Protein chains: 2
Amino acid sequence: MVSSISSLDRTDIAILRVLQAEGRISNVELSDRVHLSPPATLARVRRLEEEGYISGYAAMLNREKLGHDNLALIEIALELHQYERITEVLDQLVAMPEVLECYHVTGEYDYMIKVSTVNNRALDHFIAKRLIPLPGIARIHTSIVLKALKQTTELDLPEP
Amino acid sequence: MVSSISSLDRTDIAILRVLQAEGRISNVELSDRVHLSPPATLARVRRLEEEGYISGYAAMLNREKLGHDNLALIEIALELHQYERITEVLDQLVAMPEVLECYHVTGEYDYMIKVSTVNNRALDHFIAKRLIPLPGIARIHTSIVLKALKQTTELDLPEP
DNA sequence: GTTGAAATATATGACGT
DNA sequence: ACGTCATATATTTCAAC
C-alpha cells in the first residue's frame, strides 16, 4: 500500500495521536484537545475510520493479571515448497489464538511469531503439539521473554 | 505479578473478550452481548479498569497508510556493565518513539526491540544515530519485516 | 443482580457562515 | 470546512425490588 498521509492535515494527526493513547476518550474531550468543535471533530474521526487510517479500537489488557505469564518470540524456518503449501501453513499459524503477531522477515529464519501463553507448560504444548506438527516447518528457535520493558501500539506520527 | 484471574468470573472474561476486539463499543451494546443489564455491566467494566485488568484503550492505526513503511525487529547484545549503567541505557531505549516494544529475552542476544519507521532511510538513521551510539551496545542484529501476516493485541483468555 | 426513571453528558443532524 | 443550535441517544446515578 502506498502512503496516504499527505491527505491528512495537522488536526487529523492530532486526533490520531490522542486516540492512539486514549481510545475511549469522549468526542467532547477530544474536540477540546484538538481545538475544534465536537461535530467537526466527530466528522474527522468518522472519516479517518472509514478511510482506514483507524482500523479499530482495543482494550489493552494486563497479560500477567489475566494469567498469561509466558511470552515467547519464535523464529521459524520453512522448507522450500510450492507457494500454496506455504500459504496453507501460514493460514493455520495466524489462526492460532496464542499467536499474537506473525511476520515474514529477512535473515536466517523466514518467519517470526510472538506467542502468549499462560505458562511454560502451555508454551511447550503449543510448540510440540501445534507448531512443530505443521507441515514444512524446517527449524525453529525460541526466545523466552524474561521481561517486557515496553509494549505500545502508538506510532510516532510524522507532521504533515 | 501473581495472576488474579481466579477472581474473575465467566461474565468478566466475556466483557474483556468483547472489549479487546471492540474497545469503543457502547455500554448498552456490551451489556447486550454479555447478557447483563447496562448498570451491572458498567460496574464490572469500571472494576476491571480500576483493578488493572484493563490498562487502557487504544485506537489501532494503519501503519502503512500513515507513512510507516518500515518495521524491523532488532536483537541487541549489551556489554556486561554494572546494573545501573544498563538500566540507564534501557531507559533511553524505551523512551524512543520509534521503539514500540522492548523485551529482555533469552538466547544469544539480550534484548529484542520492535522498531517502526517511515522508510529504510529512517531505520538506518535510527540504528546509526540513535541506537549504536548508546553506551554498552555490543552487537545488534536486524531483521526487516517483509510482511506482517498478523498483528493483534487480543489475548486468548482462559475460562475461569 | 434487575428494572425503571431522571439527570447529565454525548453524539448526531440541520442550518447558517 | 467549520461553528452553533436543537434533537436524539447514551450514560450515569438513584431508588425500589
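Model, not experiment: these values are computed from the prediction. Convention: sequence-line order gives letters A, B, ...; per-chain numbering from 1.
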Between CD of A:E29 and C1' of D:dT11 the distance, given in whole Å, is 16 Å
Using a 4.0 Å heavy-atom cut-off, does B:P38 contact any base of the nucleic acid, only the sugar-phosphate backbone, or nothing at all?
nothing
Of the candidates C:dT3, C:dG13, D:dA10, the side chain of B:V28 sits closest to D:dA10
Taking salt bridge (Lys or Arg N to Asp or Glu O under 4.0 Å) as the test, write out the residues that go with A:E101, two or more places apart.
A:K114, B:K114
Euclidean distance, atom CZ of residue A:R47 to atom C1' of C:dT12 [Å, nearest integer]:
18 Å
Identify whether the distance between the nearest side-chain nitrogen and carboxylate oxygen of A:R85 and A:E79 falls below 4.0 Å.
no
Please give, in whole Å, the distance from C:dA11 P to A:R46 CZ?
8 Å
When A:R24 and A:S37 are each assigned the nearest nucleotide of DNA chain D, the 5'-most assignment goes to A:S37
Please determine, for the side chain of A:P39, which listed nucleotide (C:dG13, C:dT2, D:dG3) has the closest atom?
C:dG13
To the nearest angstrom, how far is B:D32 atom CG from D:dA10 atom P?
12 Å
In whole angstrom, what separates A:N27's CG from D:dA10's C1'?
13 Å
Considering only NZ, NE, NH1 and NH2 on the basic side and carboxylate oxygens on the acidic side, decide whether B:K150 and A:E98 come within less than 4.0 Å.
no
Should the pair A:R33-A:E22 be classified as a salt bridge under the 4.0 Å nitrogen-to-oxygen rule?
yes
Give a yes/no answer on whether the side chain of B:S26 brings an N or O atom under 4.0 Å of OP1 or OP2 in D:dA10.
no
Rounding to a whole Å, what distance do you find between B:L42:CG and C:dT8:P?
18 Å
Nucleotide C:dT2, atom C1' - distance to CZ of B:R44 in whole Å
13 Å
Could you check how far NE2 of A:H35 sits from C1' of D:dA1, rounded to whole Å?
18 Å
